[in-house]
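Contents: one structure, followed by commentary.
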Amino acid sequence: GVKGWEGDEDAKILVLHRLTTVEPVITDSHIPLLPFCFQAHGGETHPDVAFAYARIGNVYTSKAEFVKALVQYRRALDIRIRVFGQEHPEVAYLYNNIGHVYHRQGKVQEALEQLHRAFEIRIRVLGKDHAAVADTGKNIAIIYQEQAKFEEALEIYELALATQIRVCGQDHQSVAALYNNIGAVYN
């Protein structure tokens, strides 16, 4: 086995298995394993390496280490654009995550730029009736709501709500959350 991850199933998932039903618990201790991920997949430009960078970016985001998260997301984004081109759901996923990080940093304009980029790609590639489109729309609407741009927020919330109802059904928790967000705009 590779030194440092014997018995660490989460590391094995990170390094070797991109498509898995098990979501690994990634920690800082897994970051030194990235060279093994490169080796296992034939180089740093493999989509699974981008996936590993994105997962590590998620860890840093959850720990509010936003500068480190952005570094990881940008590495993943560079690989995904080289491999898939701009018009791909996995590229949009990273723009969405980068936008989320900028929002948490208080960089609202940068957040909106990234989120709109993700939103537009997702609509073109996935169509309007996709949960990812609704998710990114909700993220944009939250920022508009915080900026007191209530009409813009409501317009996007309504689009996201209609999409979520079509995709998930009226009784889904994401639909309830959107109703809650819409109600908050009216307060």
Side-chain angles (χ1 to χ4, degrees), residues 18-19 23 26 45-168 172-175 177-182 184-185:
R18 180 186 183 283
L19 299 174
E23 181 66 23
I26 307 300
T45 59
H46 193 280
D48 288 354
V49 174
F51 186 76
Y53 279 135
R55 276 190 166 164
I56 291 168
N58 293 343
V59 171
Y60 283 134
T61 299
S62 70
K63 295 170 61 175
E65 294 184 33
F66 301 126
V67 173
K68 290 179 179 180
L70 286 172
V71 168
Q72 300 301 317
Y73 288 146
R74 292 270 178 219
R75 287 177 176 162
L77 182 64
D78 289 344
I79 294 168
R80 286 182 177 170
I81 289 172
R82 271 187 298 205
V83 173
F84 301 124
Q86 279 285 343
E87 296 291 309
H88 194 277
E90 292 194 30
V91 171
Y93 168 82
L94 287 165
Y95 284 133
N96 184 75
N97 286 12
I98 291 168
H100 174 70
V101 169
Y102 280 142
H103 182 221
R104 298 222 14 223
Q105 287 180 311
K107 297 178 180 178
V108 176
Q109 209 46 49
E110 293 93 334
L112 283 172
E113 287 172 19
Q114 299 299 312
L115 291 169
H116 276 289
R117 187 175 286 161
F119 192 62
E120 291 163 9
I121 292 170
R122 285 177 164 175
I123 288 172
R124 284 191 301 270
V125 175
L126 302 171
K128 286 187 176 182
D129 286 338
H130 195 282
V133 172
D135 182 55
T136 301
K138 176 195 65 155
N139 293 339
I140 293 168
I142 287 169
I143 293 174
Y144 284 153
Q145 184 177 348
E146 290 170 356
Q147 294 179 318
K149 294 181 179 178
F150 300 120
E151 286 183 32
E152 291 96 329
L154 283 173
E155 182 180 330
I156 294 179
Y157 276 141
E158 294 289 346
L159 172 71
L161 177 64
T163 299
Q164 285 296 76
I165 289 171
R166 283 192 300 275
V167 172
C168 302
H172 195 269
Q173 67 186 19
S174 64
V175 171
L178 283 165
Y179 277 123
N180 185 57
N181 290 4
I182 290 168
V185 171

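Exactly one residue among H100, E120, E113, Q86 makes a side chain to side chain donor-acceptor pair (under 3.5 Å) with Y95. That residue is Q86.
For the pair K149 and E152, the salt-bridge criterion is not met [side-chain N within less than 4.0 Å of a carboxylate O]. Salt bridge D78/R75: absent, no basic N to carboxylate O contact under 4.0 Å.
Scanning for ring pair (Phe, Tyr, Trp, His ring centres under 6.0 Å) contacts around F84 gives H88, with sequence neighbours left out.
One N or O on the side chain of R80 and one on the backbone of E90 form a donor-acceptor pair closer than 3.5 Å.
Residue I143 holds its CD1 atom at 8.0 Å from NE2 of H116, rounded to the nearest 0.5 Å. Taken to the nearest 0.5 Å, the CG atom of D135 stands 9.0 Å off from the CG atom of L178.
Side-chain contact between N96 and R122 is present, with heavy atoms from C-beta onward closer than 4.5 Å. Taking 4.5 Å as the limit, some side-chain heavy atom of L70 sits within range of a side-chain heavy atom of Y102.
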**Study point:** Stepwise side-chain contact (heavy atoms from CB on, under 4.5 Å) check, N181 with K138
**Key:** CA-CA 9 Å; N181 290 4; K138 176 195 65 155; 3.9 Å; yes
- request: Could you give me the CA-CA distance, side-chain angles and deciding distance for Q105 and V67, then say whether side-chain contact (heavy atoms from CB on, under 4.5 Å) is met?
  value: CA-CA 9 Å; Q105 287 180 311; V67 173; 4.2 Å; yes
side-chain contact (heavy atoms from CB on, under 4.5 Å) assessment of I98 paired with R74:
CA-CA 8 Å; I98 291 168; R74 292 270 178 219; 3.8 Å; yes
### Message
Before you tell me yes or no, could you show the steps for V167 and H130 under side-chain contact (heavy atoms from CB on, under 4.5 Å), namely the whole-Å CA-CA distance, both residues' side-chain angles and the distance that decides it to 0.1 Å?
### Response
CA-CA 7 Å; V167 172; H130 195 282; 5.6 Å; no
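In the displayed structure, E155 atom CD is contacted under 6.0 Å by at most 12 heavy atoms of other residues, nucleotides or ligands.
No hydrogens or angles considered: nothing links the side chains of Y179 and Q164 as a donor-acceptor pair under 3.5 Å. Between the side chains of Y157 and Q145, at least one donor-acceptor pair of N or O atoms lies under 3.5 Å.
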